[in-house]
Number of protein chains: 2
Amino acid sequence: MKLSTKGRYGVMAMVDVAMNSDVGPVSLKAVAERQGLSESYLEQLAGPLRKAGLLNSVRGAQGGYTLAREAGAITVGDIIRVLEGPIAPVDCASEDEGPVQHCAHSQGCVAKSVWVKLRDSIVRALDSVSLADLCEEAKHDDGYPLPL
Amino acid sequence: MKLSTKGRYGVMAMVDVAMNSDVGPVSLKAVAERQGLSESYLEQLAGPLRKAGLLNSVRGAQGGYTLAREAGAITVGDIIRVLEGPIAPVDCASEDEGPVQHCAHSQGCVAKSVWVKLRDSIVRALDSVSLADLCEEAKHDDGYPLPL
DNA sequence: ACAAAAACCCAGTGGAGTGGTAGGATTAAG
DNA sequence: CTTAATCCTACCACTCCACTGGGTTTTTGT
């Protein structure tokens with residue numbers, strides 16, 4: 001039940017872009033430095049995010065990325081779906097389930113109701129938070145409660 | 001965001017034991033046959049479940065496993081925790097977080113609130129369903145709505 | 001014109017984890 | 001004393017994750 005770094009870094013990067021693109025497009029180099037991530041790895045995330053219509057890109061020097069929609073219209077769930085595929089704790093309880101999913105309909109399927117319930121919980125949690133929410137929170141937490 | 005087979009098979013096995021242990025302990029061989037799973041793989045799940053106090057075992061011929069608590073007092077979450085470790089969509093939002101978790105408290109941690117919210121959703125979903133619930137459901141679904 | 005900065009693309013790679021199998025030792029029933 | 005079961009440990013094939021690197025194209029600034 002772990003998110004991969006793709007999803008995690010993707011959200012970090014999108015928040016970074018959201019918070020820094022007021023003065024122009026944000027380069028991956030800048031994101032990588034601020035967030036402490038690998039630039040070349042971020043490239044692999046930016047591609048899909050652009051193709052999915054969450055990011056716009058500007059090529060060439062001084063280029064970079066901007067949000068393709070306003071921050072309030074992009075949810076964490078949107079990002080996760082692009083980078084990790086449809087939300088599905090188990091294969092037989094996927095969001096985009098095809099015609100009918102039959103997992104060798106023995107007693108095993110008894111558990112399916114739990115997995116569907118679990119999936120719906122995850123979907124609700126991820127879709128209920130937008131980039132705007134995270135940005136707002138970030139600004140507020142400026143005087144950050146330091147651990148240690 | 002996928003559950004591993006350990007968790008899935010573990011729940012299947014526990015339901016099987018719950019539904020078949022009224023006449024005596026249930027052998028892993030029987031579980032494996034009914035559920036279509038590998039017996040030797042199930043052994044690896046039964047060990048931890050026993051040590052965690054969810055299963056009792058009876059060794060020797062005619063031996064097997066019974067629930068260590070009543071079915072209503074064992075949740076799906078209990079099983080998952082034993083077989084997959086603490087519920088934590090990302091490391092910095094684990095259930096059993098130690099003293100303080102600091103994920104390089106740069107802007108990256110901005111997303112932490114989402115992960116915590118996500119974790120809590122998962123925990124609530126998994127802890128709200130007991131083996132008894134699943135057994136009840138299984139009996140009801142006897143005339144099973146066949147796919148195809 | 002040209003150098004630098006950026007997005008793009010794609011191929012490869014090391015390590016860790018997943019999903020098992022194999023073999024044996026112990027325990028108890030018939 | 002054979003058989004059926006739990007128990008324990010080691011091993012293995014495979015996949016996927018997290019990255020790295022090399023190279024191409026596009027644009028800006030000098």
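Proteins come first, then strands; the chains are lettered A, B, ... in the order of their sequence lines, and each starts at number 1.
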Those residues of residues 40-52 of chain A lying under 4.0 Å from DNA chain C by at least one heavy atom:
A:E43, A:Q44, A:R50, A:K51

Just by distance, no angles: are the side chains of A:Y9 and A:S4 close enough, under 3.5 Å, to form a donor-acceptor pair?
no

Roughly how far, to the nearest 0.5 Å, is the CG atom of A:L126 from the CG atom of B:L118?
5.0 Å

Check whether any side-chain nitrogen or oxygen of A:Y9 sits under 4.0 Å from OP1 or OP2 of D:dC19, and answer yes or no.
yes

Is a salt bridge present between A:D133 and B:K117, judged by a nitrogen-to-oxygen distance below 4.0 Å?
no

Checking side-chain contact (heavy atoms from CB on, under 4.5 Å) for the pair B:I122/A:M1: CA distance, chi angles, key distance, verdict?
CA-CA 9 Å; B:I122 295 172; A:M1 288 307 289; 4.1 Å; yes

Verify, without hydrogens or angle tests, whether A:S21 (side chain) and A:G24 (backbone) share a donor-acceptor contact under 3.5 angstrom.
no

Atom CD of A:Q44 and atom CG of A:L83: how far apart are they, to the nearest 0.5 Å?
11.0 Å

Measure CD/A:E84 against P/D:dC16 and give the value in whole Å, please.
14 Å

Electrostatic pair A:D91:B:R8 at N-O distance under 4.0 angstrom
no

So which one's nearest nucleotide on DNA chain D is more toward 5', B:G64 or A:E39?
B:G64

Measure the distance from CG on B:N56 to P on D:dA5 and round it to the nearest whole Å.
18 Å

I'd like to know if A:D127 pairs up with A:R81 as an ion pair, taking the criterion as any Lys NZ or Arg NE/NH1/NH2 lying under 4.0 Å from an Asp or Glu carboxylate oxygen.
yes

Give the first and the last nucleotide of DNA chain C, reading 5' to 3', that has any atom under 4.0 Å from a heavy atom of chain B.
C:dG19 to C:dA29

Separation of atom NZ in B:K2 from atom P in D:dT15, rounded to whole Å:
16 Å

Rounded to the Å, how far apart are B:R59 CZ and D:dT3 C1'?
15 Å

Presence of B:S57 side-chain N/O under 4.0 Å of D:dC7 phosphate oxygens OP1/OP2
yes

